[in-house]
Amino acid sequence: MSGRQLGDSARTHLIGRLDDLAASGVSGTVLLAEAGTPVVQHCLGLADRANGVPITPRTRFQTASVTKMFTAAAVLDQVARGRVTVHTPVVDVVPSDRRPRHLSTDVTVHHLLCHTSGIADYCEEDESLPAYCADYGALWRALPPARVERPADFLTLYGELPAYCPPGQIWRYSNAGYVLLGELLEQLTGQPCATVIEQRVLRRAGMTASAFDRSDEPRADSATHYRPSGRTNVHSVPVIGGSDGGCVCTAADLVRFCRALADGTLLGELTTSATQRQAAIEDGWSYGYGLYVYPDERWGHGGGDPGVSAIVNHWPEGDLTLVALCNVEEVDGRNPAVALRDAVLAVMSEDPSGPGRAG
(Lines give C-alpha, C1' and ligand atoms only; values in the text may rest on other atoms or scores of the structure.)
Protein backbone atom coordinates (compact mmCIF):
# COMPACT_ATOMS: atom_id res chain seq x y z
CA MET A 1 0.00 0.00 0.00
CA SER A 2 1.59 3.24 -1.15
CA GLY A 3 0.39 6.66 -0.10
CA ARG A 4 -0.55 10.04 -1.52
CA GLN A 5 -3.22 12.56 -0.61
CA LEU A 6 -6.81 11.70 -1.48
CA GLY A 7 -8.46 13.49 -4.38
CA ASP A 8 -11.45 15.73 -3.66
CA SER A 9 -14.03 13.34 -5.07
CA ALA A 10 -12.57 10.39 -3.17
CA ARG A 11 -12.52 12.39 0.05
CA THR A 12 -16.18 13.32 -0.43
CA HIS A 13 -17.01 9.68 -1.13
CA LEU A 14 -15.16 8.58 2.00
CA ILE A 15 -16.85 11.11 4.25
CA GLY A 16 -20.18 9.92 2.91
CA ARG A 17 -19.35 6.32 3.76
CA LEU A 18 -18.17 7.26 7.24
CA ASP A 19 -21.26 9.37 7.85
CA ASP A 20 -23.38 6.37 6.88
CA LEU A 21 -21.57 4.36 9.53
CA ALA A 22 -22.21 7.11 12.05
CA ALA A 23 -25.91 7.05 11.17
CA SER A 24 -25.94 3.32 11.89
CA GLY A 25 -24.59 3.89 15.41
CA VAL A 26 -20.81 3.72 14.96
CA SER A 27 -18.95 6.23 17.11
CA GLY A 28 -15.20 6.59 17.08
CA THR A 29 -12.28 7.92 15.10
CA VAL A 30 -10.25 6.76 12.12
CA LEU A 31 -6.81 8.01 11.18
CA LEU A 32 -4.63 7.13 8.19
CA ALA A 33 -1.15 8.61 8.39
CA GLU A 34 1.79 8.53 5.99
CA ALA A 35 5.18 9.09 7.64
CA GLY A 36 3.25 10.33 10.65
CA THR A 37 1.28 12.96 8.71
CA PRO A 38 -2.51 12.51 8.53
CA VAL A 39 -3.91 11.62 5.12
CA VAL A 40 -7.39 10.87 6.48
CA GLN A 41 -8.70 11.84 9.90
CA HIS A 42 -12.37 11.67 10.73
CA CYS A 43 -14.32 11.58 13.99
CA LEU A 44 -17.92 10.52 14.41
CA GLY A 45 -20.32 10.27 17.30
CA LEU A 46 -20.12 11.19 20.95
CA ALA A 47 -17.39 10.57 23.50
CA ASP A 48 -19.90 11.26 26.29
CA ARG A 49 -23.56 10.78 25.44
CA ALA A 50 -24.90 12.21 28.69
CA ASN A 51 -23.16 15.55 28.18
CA GLY A 52 -23.20 15.61 24.38
CA VAL A 53 -19.39 15.74 24.11
CA PRO A 54 -18.24 14.93 20.57
CA ILE A 55 -15.32 12.69 19.69
CA THR A 56 -12.29 14.70 18.52
CA PRO A 57 -8.74 13.79 17.44
CA ARG A 58 -7.72 14.29 21.09
CA THR A 59 -10.20 11.72 22.41
CA ARG A 60 -8.59 8.86 24.30
CA PHE A 61 -10.04 5.35 23.86
CA GLN A 62 -9.66 2.04 25.62
CA THR A 63 -7.84 -0.25 23.21
CA ALA A 64 -8.39 -3.79 24.58
CA SER A 65 -5.89 -6.25 23.05
CA VAL A 66 -4.08 -3.65 20.95
CA THR A 67 -2.19 -3.28 24.24
CA LYS A 68 -0.49 -6.64 23.61
CA MET A 69 1.81 -4.86 21.15
CA PHE A 70 3.05 -2.65 24.00
CA THR A 71 3.48 -5.60 26.36
CA ALA A 72 5.56 -7.51 23.82
CA ALA A 73 7.71 -4.43 23.24
CA ALA A 74 8.22 -4.06 27.00
CA VAL A 75 9.29 -7.71 27.31
CA LEU A 76 11.68 -7.42 24.37
CA ASP A 77 13.07 -4.26 25.95
CA GLN A 78 13.97 -6.42 28.97
CA VAL A 79 15.63 -8.86 26.56
CA ALA A 80 17.64 -6.00 25.05
CA ARG A 81 18.72 -4.98 28.56
CA GLY A 82 19.99 -8.48 29.27
CA ARG A 83 17.54 -9.35 32.02
CA VAL A 84 15.93 -12.28 30.21
CA THR A 85 15.99 -14.01 26.82
CA VAL A 86 13.13 -15.22 24.65
CA HIS A 87 14.33 -18.77 25.40
CA THR A 88 14.20 -18.36 29.18
CA PRO A 89 11.76 -20.77 30.85
CA VAL A 90 8.99 -18.76 32.50
CA VAL A 91 9.33 -20.80 35.71
CA ASP A 92 12.88 -19.42 36.08
CA VAL A 93 11.45 -15.92 36.53
CA VAL A 94 7.90 -16.21 37.86
CA PRO A 95 7.53 -17.88 41.29
CA SER A 96 5.07 -20.72 41.79
CA ASP A 97 2.49 -18.63 43.67
CA ARG A 98 2.30 -16.18 40.73
CA ARG A 99 1.87 -18.64 37.87
CA PRO A 100 -0.55 -21.42 36.80
CA ARG A 101 -0.12 -24.57 38.86
CA HIS A 102 0.21 -26.74 35.74
CA LEU A 103 2.70 -24.49 33.91
CA SER A 104 5.24 -26.67 32.12
CA THR A 105 8.92 -26.03 32.76
CA ASP A 106 9.28 -26.06 28.97
CA VAL A 107 7.16 -22.91 28.43
CA THR A 108 9.48 -20.07 27.43
CA VAL A 109 9.06 -16.33 27.01
CA HIS A 110 8.92 -16.96 23.25
CA HIS A 111 5.91 -19.25 23.64
CA LEU A 112 3.98 -16.63 25.61
CA LEU A 113 4.86 -13.84 23.19
CA CYS A 114 3.56 -15.69 20.12
CA HIS A 115 0.64 -17.62 21.70
CA THR A 116 2.15 -21.09 21.45
CA SER A 117 2.47 -21.84 25.17
CA GLY A 118 -0.48 -24.24 25.29
CA ILE A 119 -1.64 -22.85 28.65
CA ALA A 120 -5.35 -22.50 29.36
CA ASP A 121 -6.90 -19.08 28.90
CA TYR A 122 -9.25 -17.41 31.36
CA CYS A 123 -11.92 -16.64 28.75
CA GLU A 124 -12.41 -18.76 25.64
CA GLU A 125 -14.76 -18.39 22.68
CA ASP A 126 -14.57 -22.14 21.91
CA GLU A 127 -17.45 -23.90 23.65
CA SER A 128 -15.44 -27.14 23.89
CA LEU A 129 -12.81 -25.59 26.18
CA PRO A 130 -12.98 -25.42 29.99
CA ALA A 131 -12.75 -21.62 30.18
CA TYR A 132 -15.51 -20.97 27.62
CA CYS A 133 -17.43 -17.77 28.31
CA ALA A 134 -20.06 -16.34 26.00
CA ASP A 135 -19.76 -12.87 27.55
CA TYR A 136 -16.41 -11.49 28.68
CA GLY A 137 -18.21 -8.90 30.77
CA ALA A 138 -19.89 -11.67 32.77
CA LEU A 139 -16.51 -12.68 34.24
CA TRP A 140 -16.55 -9.59 36.40
CA ARG A 141 -19.84 -10.35 38.10
CA ALA A 142 -18.18 -13.05 40.19
CA LEU A 143 -14.83 -11.26 40.36
CA PRO A 144 -15.48 -7.54 40.88
CA PRO A 145 -13.48 -5.37 38.46
CA ALA A 146 -12.17 -3.23 41.32
CA ARG A 147 -10.25 -6.26 42.61
CA VAL A 148 -8.39 -6.83 39.33
CA GLU A 149 -5.42 -4.47 39.27
CA ARG A 150 -2.30 -6.62 38.81
CA PRO A 151 -1.47 -9.83 36.90
CA ALA A 152 -1.69 -12.02 40.02
CA ASP A 153 -5.32 -10.95 40.46
CA PHE A 154 -6.24 -12.98 37.35
CA LEU A 155 -4.90 -16.26 38.71
CA THR A 156 -8.20 -17.17 40.30
CA LEU A 157 -9.62 -17.37 36.76
CA TYR A 158 -7.01 -19.64 35.16
CA GLY A 159 -4.41 -20.73 37.69
CA GLU A 160 -5.88 -24.20 38.29
CA LEU A 161 -6.79 -25.01 34.68
CA PRO A 162 -4.74 -27.74 32.96
CA ALA A 163 -2.73 -26.88 29.87
CA TYR A 164 -4.31 -27.60 26.50
CA CYS A 165 -1.15 -29.07 25.01
CA PRO A 166 2.65 -28.99 25.29
CA PRO A 167 4.32 -25.69 24.31
CA GLY A 168 5.15 -25.13 20.66
CA GLN A 169 2.57 -27.60 19.38
CA ILE A 170 -0.20 -25.25 18.20
CA TRP A 171 -1.01 -21.56 17.95
CA ARG A 172 -3.91 -20.59 20.22
CA TYR A 173 -4.61 -16.98 21.16
CA SER A 174 -4.20 -16.54 24.90
CA ASN A 175 -5.05 -13.55 27.06
CA ALA A 176 -3.74 -15.49 30.05
CA GLY A 177 -0.37 -15.82 28.32
CA TYR A 178 -0.09 -12.05 28.19
CA VAL A 179 -1.26 -11.72 31.78
CA LEU A 180 1.64 -14.03 32.66
CA LEU A 181 4.00 -11.82 30.64
CA GLY A 182 2.83 -8.94 32.82
CA GLU A 183 3.81 -10.94 35.89
CA LEU A 184 7.16 -11.66 34.29
CA LEU A 185 7.70 -7.92 33.79
CA GLU A 186 6.86 -7.30 37.44
CA GLN A 187 9.30 -9.94 38.60
CA LEU A 188 12.08 -8.58 36.38
CA THR A 189 11.61 -4.93 37.35
CA GLY A 190 9.97 -4.86 40.78
CA GLN A 191 7.35 -2.45 39.40
CA PRO A 192 3.70 -2.83 38.34
CA CYS A 193 3.60 -3.98 34.72
CA ALA A 194 1.48 -0.96 33.73
CA THR A 195 4.22 1.34 35.04
CA VAL A 196 6.90 -0.59 33.15
CA ILE A 197 4.95 -0.40 29.88
CA GLU A 198 4.26 3.31 30.33
CA GLN A 199 7.88 4.16 31.09
CA ARG A 200 9.70 1.81 28.73
CA VAL A 201 7.30 1.84 25.77
CA LEU A 202 4.70 4.61 25.75
CA ARG A 203 6.95 7.46 26.85
CA ARG A 204 9.89 6.38 24.68
CA ALA A 205 7.54 6.24 21.67
CA GLY A 206 6.32 9.78 22.36
CA MET A 207 2.82 8.61 23.37
CA THR A 208 2.24 11.44 25.81
CA ALA A 209 -1.57 11.21 25.75
CA SER A 210 -1.70 7.46 26.48
CA ALA A 211 -1.70 5.65 29.82
CA PHE A 212 -3.26 2.89 31.89
CA ASP A 213 -6.18 4.84 33.33
CA ARG A 214 -8.25 3.65 36.25
CA SER A 215 -11.97 3.73 35.50
CA ASP A 216 -12.60 5.21 38.97
CA GLU A 217 -10.21 8.10 38.22
CA PRO A 218 -11.61 9.71 35.03
CA ARG A 219 -9.32 11.86 32.91
CA ALA A 220 -10.04 14.69 30.51
CA ASP A 221 -10.61 13.78 26.85
CA SER A 222 -11.35 10.12 27.66
CA ALA A 223 -14.26 8.48 25.87
CA THR A 224 -17.01 6.75 27.81
CA HIS A 225 -17.48 3.26 26.41
CA TYR A 226 -20.99 1.90 25.87
CA ARG A 227 -22.51 -1.56 25.87
CA PRO A 228 -25.34 -2.36 23.40
CA SER A 229 -27.75 -1.77 26.30
CA GLY A 230 -26.60 1.85 26.49
CA ARG A 231 -24.92 1.29 29.84
CA THR A 232 -21.23 2.02 30.22
CA ASN A 233 -18.62 -0.73 30.48
CA VAL A 234 -17.33 0.31 33.90
CA HIS A 235 -18.53 -2.97 35.47
CA SER A 236 -17.54 -5.10 32.47
CA VAL A 237 -13.74 -4.70 32.36
CA PRO A 238 -11.05 -4.57 35.07
CA VAL A 239 -10.71 -1.26 36.88
CA ILE A 240 -7.35 -0.71 35.18
CA GLY A 241 -5.85 -2.17 32.04
CA GLY A 242 -2.87 -4.45 32.13
CA SER A 243 -0.55 -6.57 30.04
CA ASP A 244 -3.31 -8.38 28.15
CA GLY A 245 -5.32 -5.26 27.29
CA GLY A 246 -6.90 -2.00 28.30
CA CYS A 247 -4.38 0.80 27.72
CA VAL A 248 -6.08 4.11 26.90
CA CYS A 249 -4.73 5.83 23.77
CA THR A 250 -5.35 8.44 21.13
CA ALA A 251 -5.22 7.45 17.47
CA ALA A 252 -2.22 9.72 16.91
CA ASP A 253 -0.30 8.05 19.72
CA LEU A 254 -0.88 4.65 18.13
CA VAL A 255 0.65 5.98 14.91
CA ARG A 256 3.63 7.10 16.99
CA PHE A 257 3.96 3.64 18.51
CA CYS A 258 3.93 1.87 15.16
CA ARG A 259 6.59 4.16 13.74
CA ALA A 260 8.77 3.89 16.86
CA LEU A 261 8.55 0.11 16.65
CA ALA A 262 9.16 -0.02 12.89
CA ASP A 263 12.17 2.34 12.83
CA GLY A 264 13.99 0.69 15.72
CA THR A 265 13.48 3.48 18.25
CA LEU A 266 11.98 1.08 20.78
CA LEU A 267 13.78 -2.19 20.16
CA GLY A 268 16.83 -1.59 17.98
CA GLU A 269 18.17 -4.88 16.65
CA LEU A 270 15.22 -6.78 18.15
CA THR A 271 12.73 -4.99 15.88
CA THR A 272 12.86 -7.78 13.32
CA SER A 273 12.14 -10.38 16.00
CA ALA A 274 8.98 -8.52 16.96
CA THR A 275 7.63 -7.99 13.47
CA GLN A 276 8.62 -11.20 11.69
CA ARG A 277 6.45 -14.32 11.48
CA GLN A 278 7.04 -16.33 14.66
CA ALA A 279 4.03 -18.66 14.54
CA ALA A 280 1.86 -19.66 11.59
CA ILE A 281 -1.90 -19.33 12.00
CA GLU A 282 -3.64 -20.07 8.69
CA ASP A 283 -4.26 -18.72 5.17
CA GLY A 284 -1.10 -16.62 5.13
CA TRP A 285 -1.68 -15.12 8.58
CA SER A 286 1.01 -15.37 11.25
CA TYR A 287 1.77 -13.98 14.67
CA GLY A 288 4.98 -12.18 15.57
CA TYR A 289 5.69 -10.99 19.09
CA GLY A 290 2.55 -9.15 20.18
CA LEU A 291 1.21 -8.52 16.70
CA TYR A 292 -0.41 -10.20 13.72
CA VAL A 293 1.44 -10.34 10.41
CA TYR A 294 -1.07 -10.19 7.55
CA PRO A 295 -0.81 -12.01 4.23
CA ASP A 296 0.09 -8.67 2.58
CA GLU A 297 2.94 -8.11 5.11
CA ARG A 298 1.27 -5.33 7.07
CA TRP A 299 1.30 -5.91 10.82
CA GLY A 300 -0.79 -4.78 13.74
CA HIS A 301 -3.42 -5.84 16.21
CA GLY A 302 -7.11 -5.54 16.90
CA GLY A 303 -8.92 -5.31 20.19
CA GLY A 304 -12.40 -5.91 21.50
CA ASP A 305 -13.86 -5.61 24.98
CA PRO A 306 -17.34 -4.77 26.22
CA GLY A 307 -17.91 -1.29 24.81
CA VAL A 308 -14.57 -1.30 22.99
CA SER A 309 -13.48 -1.90 19.40
CA ALA A 310 -10.03 -1.09 18.01
CA ILE A 311 -7.78 -1.95 15.07
CA VAL A 312 -4.24 -0.83 14.20
CA ASN A 313 -2.48 -1.67 10.92
CA HIS A 314 0.99 -0.61 9.79
CA TRP A 315 2.51 -1.02 6.32
CA PRO A 316 6.30 -0.74 6.89
CA GLU A 317 7.22 -0.35 3.22
CA GLY A 318 5.24 2.87 2.81
CA ASP A 319 5.37 4.02 6.45
CA LEU A 320 1.56 4.02 6.46
CA THR A 321 -0.49 3.47 9.60
CA LEU A 322 -4.24 3.11 9.85
CA VAL A 323 -5.94 3.32 13.26
CA ALA A 324 -9.65 2.99 14.06
CA LEU A 325 -10.91 3.31 17.64
CA CYS A 326 -14.53 3.06 18.80
CA ASN A 327 -16.37 3.42 22.09
CA VAL A 328 -18.97 0.82 21.07
CA GLU A 329 -18.42 -2.91 20.65
CA GLU A 330 -20.81 -3.94 17.89
CA VAL A 331 -23.19 -2.22 15.48
CA ASP A 332 -25.65 -4.23 13.37
CA GLY A 333 -23.58 -7.34 13.92
CA ARG A 334 -20.40 -5.66 12.65
CA ASN A 335 -17.14 -4.79 14.33
CA PRO A 336 -17.28 -0.98 14.17
CA ALA A 337 -13.51 -0.34 14.15
CA VAL A 338 -13.02 -2.83 11.32
CA ALA A 339 -15.91 -1.18 9.46
CA LEU A 340 -14.16 2.21 9.73
CA ARG A 341 -10.85 0.77 8.60
CA ASP A 342 -12.39 -1.07 5.68
CA ALA A 343 -14.28 2.03 4.54
CA VAL A 344 -10.98 3.90 4.30
CA LEU A 345 -9.20 1.03 2.55
CA ALA A 346 -12.02 0.62 0.04
CA VAL A 347 -11.95 4.27 -0.99
CA MET A 348 -8.16 4.27 -1.16
CA SER A 349 -8.28 1.31 -3.52
CA GLU A 350 -10.79 3.03 -5.76
CA ASP A 351 -9.11 6.46 -5.95
CA PRO A 352 -6.68 6.80 -8.88
CA SER A 353 -5.02 9.81 -7.21
CA GLY A 354 -4.82 8.13 -3.78
CA PRO A 355 -2.78 5.42 -2.14
CA GLY A 356 -3.61 2.69 -4.64
CA ARG A 357 -4.48 -0.90 -3.85
CA ALA A 358 -5.03 -1.46 -0.16
CA GLY A 359 -3.99 -5.09 -0.23
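Every heavy atom of this structure was used, including side-chain atoms; hydrogens, water molecules and symmetry mates were not.
Between Gly264 and Thr271, the shortest heavy-atom distance links the atoms CA-OG1, 3.4 Å. The two residues Arg227 and Thr232 come nearest to each other via the heavy atoms CG-O, 3.9 Å. For the pair Gly182 and Cys193, the tightest heavy-atom approach, listed with the atom from each and the gap, is O-CB, 3.5 Å. When every heavy atom of Ala211 is checked against every heavy atom of Cys247, the shortest pair comes out as O-SG, 3.5 Å. Of all the heavy atoms in Val255 and Ala33, the pair that sits closest is CG1-CB, 3.9 Å. For Ser286 against Ala280, the heavy-atom pair with the smallest separation is OG-CA, 4.0 Å.
In this structure a side-chain-to-backbone donor-acceptor pair under 3.5 Å is missing from Thr63 to Val248. The backbone N or O of Val94 sits less than 3.5 Å from a side-chain atom of Arg99, completing a donor-acceptor pair. The backbone N or O of Leu345 sits less than 3.5 Å from a side-chain atom of Ser349, completing a donor-acceptor pair. The closest donor-acceptor contact from the side chain of Thr189 to the backbone of Leu185 lies under 3.5 Å. In this structure a side-chain-to-backbone donor-acceptor pair under 3.5 Å is present from Glu198 to Phe212. Between the side chain of Ser309 and the backbone N or O of Gly303 there is no donor-acceptor pair closer than 3.5 Å. A donor-acceptor pair is defined here as one N or O able to donate and one able to accept, closer than 3.5 Å; no such pair exists between the side chain of Glu149 and the backbone of Ile240. Using a distance-only test at 3.5 Å, with no hydrogens or angles considered, a donor-acceptor pair links the side chain of Thr71 to the main chain of Ser243. Side-chain atoms of Tyr178 come within 3.5 Å of backbone atoms of Gly290 as a donor-acceptor pair (strictly under, hydrogens ignored). Without hydrogens or angle criteria, Glu329 side chain to Gly307 main chain gives a donor-acceptor distance under 3.5 Å.
Taking Phe61 as the reference, nothing meets the ring-ring contact (aromatic ring centres under 6.0 Å, His included) condition, with sequence neighbours excluded. In this structure, Cys43 has no disulfide bond (SG atoms under 2.5 Å apart) partners at least two apart in sequence or on a different chain. Every residue meeting the side-chain contact (heavy atoms from CB on, under 4.5 Å) condition with Ala35, not counting sequence neighbours, appears here in chain and number order: Arg259, Asp319.
Rounded to the nearest 0.5 Å, atoms CD1 (Ile119) and CG (Asp121) are 7.5 Å apart. Between the OG atom in Ser27 and the CG atom in Leu325 there is a gap of 11.5 Å [rounded to 0.5 Å]. The CG atom of Leu180 sits 8.5 Å away from the OG atom of Ser174 when rounded to the nearest 0.5 Å. Separating the CG atom in Leu254 from the SG atom in Cys249 is a distance of 4.5 Å, to the nearest 0.5 Å. For the atom pair CD of Glu297 and CD of Gln276, the computed distance is 11.5 Å after rounding to the nearest 0.5 Å. The line from CG of Leu14 to CE of Met348 is 7.0 Å long, rounded to the nearest 0.5 Å.
A centroid separation of less than 6.0 Å is found between the aromatic rings of Trp285 and Tyr294.
Of the charged side-chain nitrogens involved, at least one lies within less than 4.0 Å of a carboxylate oxygen, so that Arg141 and Asp135 count as a salt-bridged pair. Comment: Arg150 does not engage Glu183 in a salt bridge, judged by the lack of any side-chain N to carboxylate O separation of less than 4.0 angstrom. In this structure, Arg60 pairs ionically with Asp213, as a charged nitrogen and a carboxylate oxygen lie closer than 4.0 Å.
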What donor-acceptor contacts under 3.5 angstrom involve side-chain atoms of residues 75-82, with partners at least two apart or in another chain?
{"unit_1": "Asp77", "atom_1": "OD1", "unit_2": "Arg200", "atom_2": "NH2", "d": "3.0"}
{"unit_1": "Asp77", "atom_1": "OD1", "unit_2": "Arg204", "atom_2": "NH1", "d": "3.4"}
{"unit_1": "Asp77", "atom_1": "OD2", "unit_2": "Arg200", "atom_2": "NE", "d": "2.8"}
{"unit_1": "Gln78", "atom_1": "OE1", "unit_2": "Arg83", "atom_2": "NH1", "d": "3.0"}

N/O donor to acceptor pairs below 3.5 angstrom from side-chain atoms of residues 44-57, sequence neighbours left out:
{"unit_1": "Asp48", "atom_1": "OD1", "unit_2": "Ala50", "atom_2": "N", "d": "3.1"}
{"unit_1": "Asp48", "atom_1": "OD1", "unit_2": "Asn51", "atom_2": "N", "d": "3.3"}
{"unit_1": "Asp48", "atom_1": "OD2", "unit_2": "Asn51", "atom_2": "ND2", "d": "2.9"}
{"unit_1": "Thr56", "atom_1": "OG1", "unit_2": "Arg58", "atom_2": "N", "d": "3.1"}

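Under the 4.5 Å side-chain criterion, counting only non-hydrogen atoms from C-beta, Leu113 is in contact with Val109. Contact annotation: the side chain of Thr12 never approaches that of Ser9 to less than 4.5 Å [non-hydrogen atoms, C-beta and beyond]. Arg147 places none of its side-chain heavy atoms less than 4.5 Å from the side chain of Asp153. A 4.5 Å side-chain heavy-atom check between Met69 and Val312 finds at least one atom pair inside the cut-off. Side-chain atoms of Gln187 and Arg98, non-hydrogen and from C-beta on, do get closer than 4.5 Å to each other.
Checking Ser65 against Lys68 by side-chain atom types alone, a donor-acceptor pair falls below 3.5 Å. Side-chain N/O atoms of Thr59 and Asp221 include no donor and acceptor closer than 3.5 Å. Counted by atom type alone, His110 and Tyr289 present one or more donor-acceptor pairs between their side chains at under 3.5 Å. Of the N and O atoms on the side chains of Thr88 and Thr85, at least one donor lies less than 3.5 Å from an acceptor on the other residue. Using modelled atom types and a 3.5 Å distance limit, the side chains of Gln62 and Asn233 yield a donor-acceptor pair.
The aromatic rings of Tyr158 and Tyr122 sit tilted, their planes meeting at an angle between 30° and 60°. Trp299 and His314 have tilted rings, their planes meeting at an angle from 30° to 60° on a 0 to 90° scale. The aromatic rings of Tyr173 and His301 lie tilted to each other, with the angle between the two planes from 30° to 60°.
Tyr287 does not carry Arg277 over the face of its six-membered ring by the limits of under 6.0 Å from the centre and within 45° of the normal.
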CA sep, side-chain torsions, deciding dist, call: Asp253, Arg256, salt bridge (Lys or Arg N to Asp or Glu O under 4.0 Å): CA-CA 5 Å; Asp253 269 1; Arg256 293 183 183 100; 2.6 Å; yes

CA sep, side-chain torsions, deciding dist, call: Val86, Ser273, side-chain contact (heavy atoms from CB on, under 4.5 Å): CA-CA 10 Å; Val86 295; Ser273 296; over 6 Å; no

Take Val323 and Val30 through the side-chain contact (heavy atoms from CB on, under 4.5 Å) test and state the conclusion after the steps. CA-CA 6 Å; Val323 178; Val30 62; over 6 Å; no

May I have the step-by-step check of side-chain contact (heavy atoms from CB on, under 4.5 Å) for Thr116 and Ile170, ending in yes or no? CA-CA 6 Å; Thr116 57; Ile170 63 170; over 6 Å; no

Determine, step by step, whether Asp244 and Thr67 satisfy the side-chain contact (heavy atoms from CB on, under 4.5 Å) criterion, reporting the C-alpha distance in whole Å, the side-chain angles of both residues, the deciding distance to 0.1 Å, and the verdict. CA-CA 7 Å; Asp244 71 325; Thr67 303; over 6 Å; no

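The hydrophobic clustering, which links ILVMFWY residues whose side-chain heavy atoms are closer than 4.5 Å, places Val39 and Leu31 apart. No continuous path of hydrophobic side-chain contacts links Val338 to Leu18 [ILVMFWY only; heavy atoms under 4.5 Å].
The number of heavy atoms from other shown groups lying within 6.0 Å of CZ (Arg231) does not exceed 12.
The stretch residues 99-130 participates, sequence neighbours left out, in these disulfide bond (SG atoms under 2.5 Å apart) pairs: Cys123-Cys133.
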